[in-house]
Amino acid sequence: MAAMGNTGPGSAGNGGPGRGERARWSGRQLKGAALVLAGALLFAVGGFIVVTGTGLSKLVGMRVETFGRISCHDTRAEKGQTVWHCSGETPAQQRANDAERERAARDALRAHVDGMPKAAQIERSRITFADHDGRNDPETITATQVFEGGRWFAHSGQLFGYGMIPLLGGAVMAAWGVYRVREAAGVRGR
């Protein structure tokens, strides 16, 4: 009786690679896998931006503060836009700056005795993506600091929108990559 199926060297009889052989990916499968990895990376970047823009960043351990004494330096903002260059003070900075202003005022009263006093050193934080009404600076802004000592990103709808673009693009790219890998391997939707 003749042998059934493929009995060549390395064949396990199940259509897969046998002992000592490795499964080889076709070029289409590799391109699909690259799309999956790129999509996953893009999805992660978009998720990071969305988390930063919505205030969920505190749940993942980022620093979140509420700023007062806001001053925005962009005079071309229209209602509903965000401003890229604002500065503000945290409550701790406000207390320290008030004390520094009082010290400078006291020293100015003694200028005739001690000479010219040192100017007040006011510390402010830089904030990006602050929502603005086009006329008045906001009273307070809640923002997230991504890296220690870095810029603060205000929680705003526009930053959330910017994050949704790579988030959705990454999801679509990864899904397309999975489809390409499965199609190249001969697996159709079952």
Side-chain angles (χ1 to χ4, degrees), residues 1-67 72 74 76-86 88 125-132 138 141-190:
M1 179 168 188
M4 294 178 33
N6 186 2
T7 58
S11 175
N14 60 3
R19 184 174 291 185
E21 291 183 12
R22 290 187 353 211
R24 295 189 186 260
W25 284 50
S26 71
R28 290 185 67 160
Q29 285 176 312
L30 289 174
K31 288 178 187 175
L35 281 172
V36 170
L37 290 174
L41 180 65
L42 199 57
F43 184 84
V45 167
F48 182 73
I49 294 170
V50 166
V51 163
T52 301
T54 58
L56 295 172
S57 49
K58 192 168 194 167
L59 299 175
V60 293
M62 291 184 205
R63 189 171 165 202
V64 176
E65 290 277 349
T66 299
F67 293 86
C72 296
D74 193 348
R76 295 170 290 150
E78 295 178 18
K79 186 171 184 169
Q81 288 187 329
T82 59
V83 178
W84 283 58
H85 304 289
C86 289
S125 298
R126 292 173 34 168
I127 305 167
T128 302
F129 291 112
D131 287 329
H132 203 277
I141 294 175
T142 303
T144 297
Q145 187 178 36
V146 178
F147 303 108
E148 189 64 36
R151 185 179 290 263
W152 290 84
F153 295 93
H155 301 164
S156 78
Q158 193 163 8
L159 188 58
F160 173 78
Y162 287 156
M164 289 303 291
I165 294 167
L167 184 93
L168 295 174
V172 168
M173 186 183 290
W176 180 250
V178 167
Y179 171 76
R180 297 255 331 236
V181 168
R182 290 175 56 93
E183 180 185 40
V187 177
R188 301 278 180 189
R190 295 181 192 163

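Values below: every heavy atom of this structure, side chains too, minus hydrogens, waters and symmetry copies.
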### Query
What pairs meet the side chain to side chain donor-acceptor pair (under 3.5 Å) rule with one or both residues in residues 31-42, with sequence neighbours excluded?
none
Pairwise distance [atom1]([X]) to [atom2]([Y]) - rounded to 0.5 angstrom:
| X | Y | atom1 | atom2 | value |
| --- | --- | --- | --- | --- |
| Leu35 | Leu42 | CG | CG | 11.5 Å |
| Arg63 | Glu148 | CZ | CD | 5.5 Å |
| Phe48 | Met62 | CZ | CE | 3.5 Å |

### Least distance between heavy atoms, Gly88 atom then Ile127 atom
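Here Gly88 and Ile127 meet closest at N-CD1, 4.0 Å.
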### Heavy-atom closest pair, residues Val178 and Val36
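Result for this residue pair: N-CG2, 3.4 Å.
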### Message
More than 12 heavy atoms of other residues, nucleotides or ligands under 6.0 Å from CZ of Phe153: yes or no?
### Response
yes
### Query
Will you find, in the side chains of Thr54 and His155, an N or O donor that is under 3.5 Å from an N or O acceptor?
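Short answer, no.
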### Message
List the residues meeting side chain to side chain contact (heavy atoms under 4.5 Å, CB included) with Ser125, not counting sequence neighbours, and say none if there are none.
### Response
Phe67, Gln93, Trp152
Which pairs would a plain distance check flag for residues 159-173, meaning a side-chain donor or acceptor within less than 3.5 Å of a matching protein atom at least two apart in sequence or in another chain?
unit_1 : atom_1 : unit_2 : atom_2 : d
Tyr162 : OH     : Gln158 : NE2    : 2.9

### Query
With side chains defined as the heavy atoms from C-beta onward, is the minimum distance between Ile141 and Thr66 less than 4.5 Å?
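Result no, sub-4.5 Å side-chain heavy-atom pair not found.
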